[in-house]
2 protein chains.
Amino acid sequence: MGLSNTARAQPEPDPDTAAPAARGRGRPRKRPEERDDGNRRQAVLRAAARLFRQQGFAATSTRDIAAAAGMQSGSPFYHFESKHALLGAVMLEGMERALAAQARAMQRAEDDGEPIDERAALRVLVRNHLEVLLGPESDFIPVMLYEWRSLSEAQRRDINALRRDYEAVWNPVLEALHAQGLLRGDVRLARLMIFGALNWAVQWFDPARRATLDALTDAALDLFLQERA
Amino acid sequence: MGLSNTARAQPEPDPDTAAPAARGRGRPRKRPEERDDGNRRQAVLRAAARLFRQQGFAATSTRDIAAAAGMQSGSPFYHFESKHALLGAVMLEGMERALAAQARAMQRAEDDGEPIDERAALRVLVRNHLEVLLGPESDFIPVMLYEWRSLSEAQRRDINALRRDYEAVWNPVLEALHAQGLLRGDVRLARLMIFGALNWAVQWFDPARRATLDALTDAALDLFLQERA
DNA sequence: CCTACCGATCGGTAGG
DNA sequence: CCTACCGATCGGTAGG
């Protein structure tokens, strides 16, 4: 993901967010054996994701997050330089999860055999996107979508790189569908509108009856694609 | 400066934009002739809409709003009971404008003659929605869309009523298109996704080159409708 | 509407 | 990671 060298001592988001998280944080560890195993850091990250999603970034205090993670009010700052760095870490984690899930879903579809039909590929992408957006453990991506304006310019640049990777998987599928006459109109605008249609579900989807993620997928494909070329 | 230069007898048709909200504010008016003409109230409302849109509700201070409206820090509270009440007023104003614009657009289309074709009707609705969302003076509706969670239950109820009115105009059009085979899939889900596709444009549309609202409309219709029944 | 002000809360830090 | 704390800012109000 490489965004490690910002050269500035600015309050940049700590790049190492998720699993690998091998790099040291600001403060020096006393002894290797005492290294933070990431449990507490992950707890802060998850609590932040949930609260940022529910209440928004500005409306959530770092004290709220600390309490939700079972810590004292100043402790989140041991793991993250600032509240903004925490927000950036949540979004980065979200994008990494989304990218990983997308790669897994596409791989699975290919493994299932059959030459890859673009219609089926779009179905896989849509279904996975909805899962990432609305499934369990799905606080990170909604935060990324709806708190974009709270990011600094540098943070946006970093996360935009991952976003482009995510979209890069969609583009050839959409282009092919367009070439086949199954998707009409400007492809770039179509992509933006498709993402909008799906992302908006965050606002109205009721997770109580989440059996309907498949129904949502069907509705999306019915809506976006032409019945026959 | 004069503590009373407000008392200008400037009779104007009730400025209280929020129609039914014509209820008295906290403090009693001294004399009927001295009633606030709404200029300053409108200034506060517009400043709030702009700042809430740009920075979000929680990240905007009432001092920011006061300054943007050319007032002192405590003065917004002369016009609105609280920051939350101000947010509600922004959203209410937004919905009223949107409803009025929608009615005007539909009326205009009917006046232009021709029996009303549903495809054309959808075009009118989409085009108007984009205008309300992205056109000039378009801060109110985006605030409503993206600050929903900051509302109280009672406020949501009021504004939801107007939202239902707004959607009620779309439903018969979408139903008819579905009956004609031009719109596929579950109609309710289709409506939600269409709104999502359009509302999401707030996130990426660049108003600098706003000549493309028509292009957006074309792209939307291409994407959502089947070419032929 | 302005002046002057209050109590509460916030992000963040020093030092252990 | 906790304790103890600071300066800044916030929504809101009394009184004119």
Side-chain angles (χ1 to χ4, degrees), chain A residues 9-14 24-31 33-45 47-48 51-52 55-89 150 152, chain B residues 1-10 15 24-31 34-45 47-48 51-52 55-89 150 152:
Chain A
Q10 286 274 336
E12 278 317 306
D14 195 329
R25 232 108 334 91
R27 303 176 193 221
R29 262 52 165 278
K30 302 158 200 168
R31 296 255 247 66
E33 300 91 328
E34 295 175 359
R35 286 190 62 210
D36 179 9
D37 66 354
N39 250 348
R40 313 281 47 231
R41 189 173 195 272
Q42 277 290 325
V44 175
L45 205 59
L51 292 171
F52 287 164
Q55 314 172 350
F57 173 73
T60 301
S61 72
T62 55
R63 282 166 169 80
D64 291 341
I65 296 167
M71 298 171 171
Q72 296 304 314
S73 68
S75 300
F77 295 99
Y78 171 74
H79 296 285
F80 298 91
E81 285 180 16
S82 67
K83 191 187 174 189
H84 269 94
L86 182 44
L87 176 64
S150 300
S152 73
Chain B
M1 281 319 207
L3 7 132
S4 57
N5 62 358
T6 47
R8 309 205 52 128
Q10 189 46 261
R25 235 116 320 100
R27 305 171 192 226
R29 263 49 165 280
K30 304 157 199 170
R31 298 256 246 64
E34 295 175 358
R35 286 191 62 210
D36 179 8
D37 67 356
N39 250 347
R40 311 280 52 227
R41 188 173 196 272
Q42 276 291 322
V44 175
L45 206 59
L51 292 170
F52 287 163
Q55 314 172 351
F57 173 72
T60 300
S61 72
T62 55
R63 282 165 169 81
D64 291 340
I65 296 167
M71 298 171 171
Q72 297 304 313
S73 67
S75 299
F77 296 98
Y78 171 75
H79 297 285
F80 299 92
E81 285 180 19
S82 68
K83 192 187 174 189
H84 269 93
L86 182 45
L87 177 63
S150 301
S152 72

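So that the names make sense, note that chain A is the first sequence line, chain B the second, and so on, each numbered from 1.
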Spacing of B:F57 atom CZ relative to D:dC10 atom P, expressed in whole Å:
13 Å
In whole Å, I'd like the distance from the NE2 atom of B:H79 to the P atom of C:dC2.
8 Å
Roughly, in whole Å, what's the span from CD in B:E81 to P in D:dA14?
13 Å
B:F77 side chain, from C-beta outward: closest of C:dT3, D:dT13, C:dC5
D:dT13
Judged by nearest nucleotide, the residue sitting upstream toward the 5' end of DNA chain D, B:S82 or A:V44, is A:V44
For B:Q72 and C:dC2, give me the distance from atom CD to atom C1', rounded to whole Å.
6 Å
Whole-Å distance, B:Y78 OH to D:dG16 C1', equals 13 Å
In whole Å, I'd like the distance from the CD1 atom of B:I65 to the P atom of D:dC10.
11 Å
What is the base-pairing partner of C:dC5, counting Watson-Crick and G-U wobble geometry with both distances under 3.5 Å?
D:dG12
Expressed in angstrom and rounded to an integer, what is the separation of B:L51 atom CG from D:dG11 atom P?
12 Å
So what does B:S61 hit on the nucleic acid, given a heavy-atom distance under 4.0 Å: a base, only sugar-phosphate, or nothing?
sugar-phosphate
Out of C:dC2, D:dC2, D:dC5, which has the shortest distance to the side chain of A:R63?
D:dC5
Could you check how far CG of A:D64 sits from P of C:dC10, rounded to whole Å?
6 Å
N/O donor-acceptor pair under 3.5 Å between A:H79 side chain and A:Q42 backbone:
no
Closest to the A:S73 side chain: C:dG11, D:dG11, D:dA4?
D:dA4
Minimum heavy-atom distance B:I65-B:T60, with the two atoms named:
CG1-CG2, 3.8 Å
Smallest heavy-atom separation, B:A47 atom then B:A68 atom, equals CB-CB, 3.8 Å
Kindly compute the distance separating CZ (B:R63) from CD (B:Q72), expressed to the nearest 0.5 Å.
11.0 Å
As an exercise, state the distance from CZ of A:F57 to CG of A:L86, rounded to the nearest 0.5 Å.
8.0 Å
